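Letters A, B, ... are given to chains in the order of the sequence lines, protein chains preceding strands, and every chain is numbered from 1. Being a predicted model, the structure only gives us computed values, none of them experimental. Only heavy atoms go into these numbers, but all of them, side chains included; no hydrogens, no water, no symmetry mates.
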2 protein chains.
Amino acid sequence: MKDVRDTKTRILDTAEKLFAGNGFHGTSLRDITKDAGVNLAAVNYHYGSKDALFEEVFRRRFLPINRIRREKLEKIREEARQENLRPSAREVLQAFLAPVLHFRETEPGAAAFITLVGRTISEPDDRLREILMGHFRPNFFLCFAILCEALPHIPKDVLFWRLQFSIGAMSHTLFLLGHAKVFPEGVIPDLDAGTITDLIVSFVTAGMETQ
Amino acid sequence: MKDVRDTKTRILDTAEKLFAGNGFHGTSLRDITKDAGVNLAAVNYHYGSKDALFEEVFRRRFLPINRIRREKLEKIREEARQENLRPSAREVLQAFLAPVLHFRETEPGAAAFITLVGRTISEPDDRLREILMGHFRPNFFLCFAILCEALPHIPKDVLFWRLQFSIGAMSHTLFLLGHAKVFPEGVIPDLDAGTITDLIVSFVTAGMETQ
DNA sequence: ACATCTTTCATACGTTTGATTAAAACAGGT
DNA sequence: ACCTGTTTTAATCAAACGTATGAAAGATGT
């Protein structure tokens with residue numbers, strides 16, 4: 001067997017990049033294969049269809065991110081239980097939000113993927129959005145559950161919406177980081193992932209704990 | 001002259017609805033004209049192009065919303081100046097965010113438009129996003145300026161990002177309200193615009209004032 | 001060296017898209 | 001009733017799309 005990875009992952013990397021930049025429907029298979037330097041038919045040969053390629057882009061990235069997120073969240077929950085304390089809302093939100101931004105800076109090519117996630121959250125095409133949500137939902141509910149333990153005096157539906165607000169803040173930020181030119185000149189000060197993470201975690205923690 | 005409005009605004013209303021539901025690229029002129037019960041060529045006759053139609057959808061709705069927003073914001077600024085006080089961050093954010101949600105409930109067909117706005121913020125197509133931003137930017141900067149007066153002890157770039165977080169929370173919420181089926185069953189409690197407004201304003205105000 | 005399986009390639013198919021056109025239908029002023 | 005300008009209609013265009021195919025090229029095991 002020849003080195004399959006070459007052509008196959010080159011398609012995947014290019015697809016990730018172009019999907020992030022121009023959206024799923026704004027990226028044709030001809031764009032992808034041309035940019036990747038492979039034949040047009042290679043996508044359907046290796047992945048079956050454009051949809052399946054899109055799905056694989058998400059699968060590859062979400063597996064490690066979700067594993068880290070899950071481990072961090074459950075560790076927080078367990079440690080709180082053993083000490084008979086409530087989990088700290090800040091730590092929960094940190095565990096939920098930080099891996100994404102951290103991942104963005106470390107893994108090469110991940111920045112494009114993160115932008116793609118930000119886009120896909122409000123993707124008109126239900127099929128595509130469901131691919132994302134399938135990966136996202138389990139950890140969302142886990143985070144929500146621990147948050148309810150952290151702030152038991154706040155009604156659950158309020159916490160639910162506040163977590164949604166946090167996700168909105170996060171996804172919008174991810175999008176802005178991938179599109180610096182939304183605002184003119186140097187209006188957006190480009191901070192590193194760590195600073196942004198602190199800013200956003202402080203923001204949503206304050207919002208989450210209010211009242 | 002015949003009643004132009006009939007065909008012309010029927011196209012506009014239908015376009016707004018379908019663009020919101022399926023996105024700009026997911027909606028063909030054939031979809032719009034079929035749903036509106038007019039001929040395919042009518043769009044190009046009345047609006048010139050699909051792009052121009054999209055632009056008109058935004059123009060129609062943003063003019064009144066922006067007027068209200070602007071009046072509210074400048075009133076807050078003036079009243080604070082006359083009493084030699086700082087504007088209240090909560091009032092500023094309320095003035096910035098509430099009109100959109102309020103508008104959503106009152107004006108018929110506005111709900112679709114609001115969903116469309118939520119989508120277009122992270123639209124891959126730069127041309128389309130710029131149409132939205134052209135309407136949005138002036139009020140954003142006005143809000144930002146008054147916010148700096150309200151919280152002078154917080155660095156401006158921190159306030160800038162926090163306002164972005166608020167916008168993210170807002171736009172994500174607008175999207176969710178238009179797509180109740182993102183989460184299973186009755187997971188999302190459907191609250192009225194007033195309640196949601198209070199929730200989100202409290203959330204972002206707490207985040208804005210923290211430290 | 002041969003036979004077999006995998007991968008690449010150029011090319012084509014059938015749809016759908018936004019846009020255009022010329023003719024038909026309609027309206028209002030006189 | 002007639003002319004004039006506006007609106008609607010059906011038909012057609014070229015371009016772009018995802019996908020399919022069969023032949024060529026390459027790799028692998030013996």
Inset, instruction - Please determine if a side-chain N or O atom of B:H46 lies less than 4.0 Å away from the OP1 or OP2 oxygen of D:dT6. - result: no
Inset, instruction - Starting at atom NZ of A:K34, determine the distance to atom P of C:dA10, rounded to an integer number of angstrom. - result: 13 Å
Inset, instruction - Return no unless some side-chain N or O of B:T7 is found under 4.0 Å from OP1 or OP2 of D:dT7. - result: no
Legend entry - Pair A:E130 + A:R137, salt bridge at N-O below 4.0 Å: yes
Inset, instruction - Could you check how far OH of A:Y47 sits from P of D:dT19, rounded to whole Å? - result: 15 Å
Legend entry - Contacts of A:F203 that satisfy ring pair (Phe, Tyr, Trp, His ring centres under 6.0 Å) - sequence neighbours left out: B:F165
Inset, instruction - Please list, chain by chain and in numerical order, all residues satisfying side chain to side chain donor-acceptor pair (under 3.5 Å) with B:N44, sequence neighbours excluded. - result: none
Legend entry - Base-contact (B) and sugar-phosphate-only (S) positions in nucleotides 12-24 of chain C, heavy-atom cut-off under 4.0 Å, - elsewhere: B----BBBBB---
Legend entry - Partners passing side-chain contact (heavy atoms from CB on, under 4.5 Å) against A:K50 (at least two apart in sequence or in another chain): A:F19, A:F24, A:L29
Show me the donor-acceptor pairs, under 3.5 Å and distance only, between side chains in residues 94-109 of chain B and residues at least two apart or in other chains.
| residue | atom | partner | partner atom | Å |
| --- | --- | --- | --- | --- |
| B:T106 | OG1 | B:H102 | O | 3.3 |
| B:T106 | OG1 | B:F103 | O | 3.4 |

Inset, instruction - Can you tell me the distance, in whole Å, between the CG atom of A:N22 and the P atom of D:dC17? - result: 11 Å
Inset, instruction - Enumerate the residue pairs fulfilling side chain to side chain donor-acceptor pair (under 3.5 Å) with a member in residues 57-69 of chain A, sequence neighbours excluded, ordered by first and then second residue. - result: A:D13-A:R60, A:E16-A:R61, A:E56-A:R59, A:N66-A:N139
Inset, instruction - May I have the distance from B:K8 (atom NZ) to D:dT6 (atom C1'), rounded to whole angstrom? - result: 12 Å
